[in-house]
Amino acid sequence: MGIEKPLEPPKNGLLVPDLVPVAYEVFDAWKLLIEGLAQLLHVIPAHGCSECSEVHVAQTGHHIRDCSGTNGRQRRSSHAWVKGSVNDILVPIESYHLFDPFGRRIKHDTRFEYDRIPAVVELCIQAGVDIPEYPSRRRTNPIRMLGRRVIDRGGNLEEPKPWRFADPSSLNDFDTYRASERFPRPSLSDLPKIAQETMSAYETVKKGVKKLMRKYTVKACGYCTEVHVGPWGHNAKLCGAFKHQWRDGKHGWQDATVDEVFPPNYVWHVRDPRGPPLASALRRYYGKAPAVVEVCMQAGAQIPEEYKPMMRLDIIIPDTEEARMIA
């Protein structure tokens with residue numbers, strides 16, 4: 001109708017003052033979560049399937065035949081277990097870092113001009129966290145929009161790139177890349193304390209991301225796992241999901257959920273990590289839990305009440321012969 005509608009922060013490009021402390025809390029908890037997992041995985045063994053995305057936390061991989069990877073028929077759907085890493089526990093969901101989320105959109109030809117960082121970190125940066133290596137534009141005057149069209153964004157500023165001259169080790173604090181090599185093996189006496197701190201950091205990140213996403217826009221592709229933090233999705237033609245040729249490789253952007261930005265990555269709960277592997281015939285008696293919770297629980301942390309029902313701790317697991325007599 002040609003009528004300009006006033007926008008509230010952060011829709012108008014300004015920060016929400018009440019969420020700046022939340023963003024710093026999430027950012028600090030994210031770094032503590034990576035450090036804690038890297039230390040725990042030196043003691044708690046984790047396994048990942050080399051053919052699919054299955055992860056298992058125990059001394060040996062389970063025997064449940066549900067592998068959906070390549071050559072699954074030749075292996076009779078058995079998993080091909082290899083040693084797991086932090087990236088198997090924390091699913092690496094990355095996003096493009098934008099100096100100005102309301103500026104020029106990322107095009108397919110310009111996608112290499114932008115760095116990829118964890119989506120949780122990018123959300124914290126746009127919510128007020130200042131990282132010298134990844135600067136962000138802080139507006140003092142709100143942008144003006146007419147419908148969906150921006151009529152005044154305060155001009156386009158040249159994006160500074162100081163991270164090219166920075167120490168690369170300063171960027172590893174909030175990245176999972178080779179995290180196990182950066183943190184030493186902890187002593188067995190400190191293991192329960194580290195596990196409890198890691199569990200608390202996981203809950204802080206989960207609740208903080210949920211609180212930030214109520215105000216700050218995050219987009220997710222409805223076809224693949226791509227995530228973009230900002231008011232609009234990027235235009236890079238990188239979607240390779242089903243029938244991507246019909247869309248010319250473009251993503252189908254929609255509002256993201258918390259599980260798409262910070263996936264829980266559910267794994268089978270193991271009551272006795274040193275006991276016999278989980279059997280395929282008894283899979284309906286097993287429970288599940290987020291991979292971070294399973295690692296921390298096996299290291300000595302207290303299980304939060306919200307995860308106990310899904311872990312099915314009140315069910316007695318029968319023997320294989322007993323299961324055949326159960327209706």
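For reference, positions follow the sequence shown, starting with 1. This structure is a prediction, so every number in the text was calculated from the model and none was measured.
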Check your understanding: With ring centroids as reference points, do His47 and His62 lie under 6.0 angstrom apart?
Key ->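 Judged by ring-centre distance (under 6.0 Å), His47 and His62 do not meet the cut-off.
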Notebook entry, point to check: Under 6.0 Å between ring centres, would you say that holds for Tyr266 and Tyr307?
Noted result: no
Taking every heavy atom of Val229 against every heavy atom of Leu123, the minimum-distance pair comes out as CG1-CA, 4.0 Å
Parallel, tilted or perpendicular: which one describes the rings of [X] and [Y], with boundaries at 30° and 60°?
{"X": "Phe174", "Y": "Phe27", "value": "tilted"}
{"X": "Trp81", "Y": "His56", "value": "tilted"}
{"X": "His228", "Y": "Trp253", "value": "tilted"}

TODO: Say whether, by atom type as modelled, one donor and one acceptor occur between the side chain of Asn12 and the main chain of Pro6 under 3.5 angstrom.
DONE: no
(request) Could you tell me whether the side chain of Thr110 and the main chain of Ile106 form a donor-acceptor pair under 3.5 Å? (result)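 Absent.
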Rounded to the nearest 0.5 Å, the CZ atom of Arg185 sits from the CD atom of Gln39 at a distance of 11.5 Å
Sorted by chain and residue number, the side-chain contact (heavy atoms from CB on, under 4.5 Å) partners of Ala299 (sequence neighbours excluded) come out as Leu40, Ile44, Leu191, Ala195
In the structure I gave you, are the side-chain heavy atoms of Val121 and Ile131 within less than 4.5 Å of one another anywhere?
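Contact flag for Val121/Ile131 side chains = yes.
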Can you check whether Glu260 reaches Ile93 side chain to side chain, under 4.5 Å on heavy atoms?
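No, their side chains stay 4.5 Å or more apart.
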Go through it in stages, so that I can follow the logic: the residues are Glu306 and Lys206, the test is salt bridge (Lys or Arg N to Asp or Glu O under 4.0 Å), and I'd like the CA-CA distance, side-chain angles, deciding distance and then a yes or no. CA-CA 13 Å; Glu306 61 178 303; Lys206 181 181 176 182; 3.7 Å; yes
- Message: Between Glu51 and His79, do the side chains contain a donor N or O and an acceptor N or O under 3.5 Å apart?
- Response: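 Note: His79 and Glu51 side chains miss the donor-acceptor criterion.
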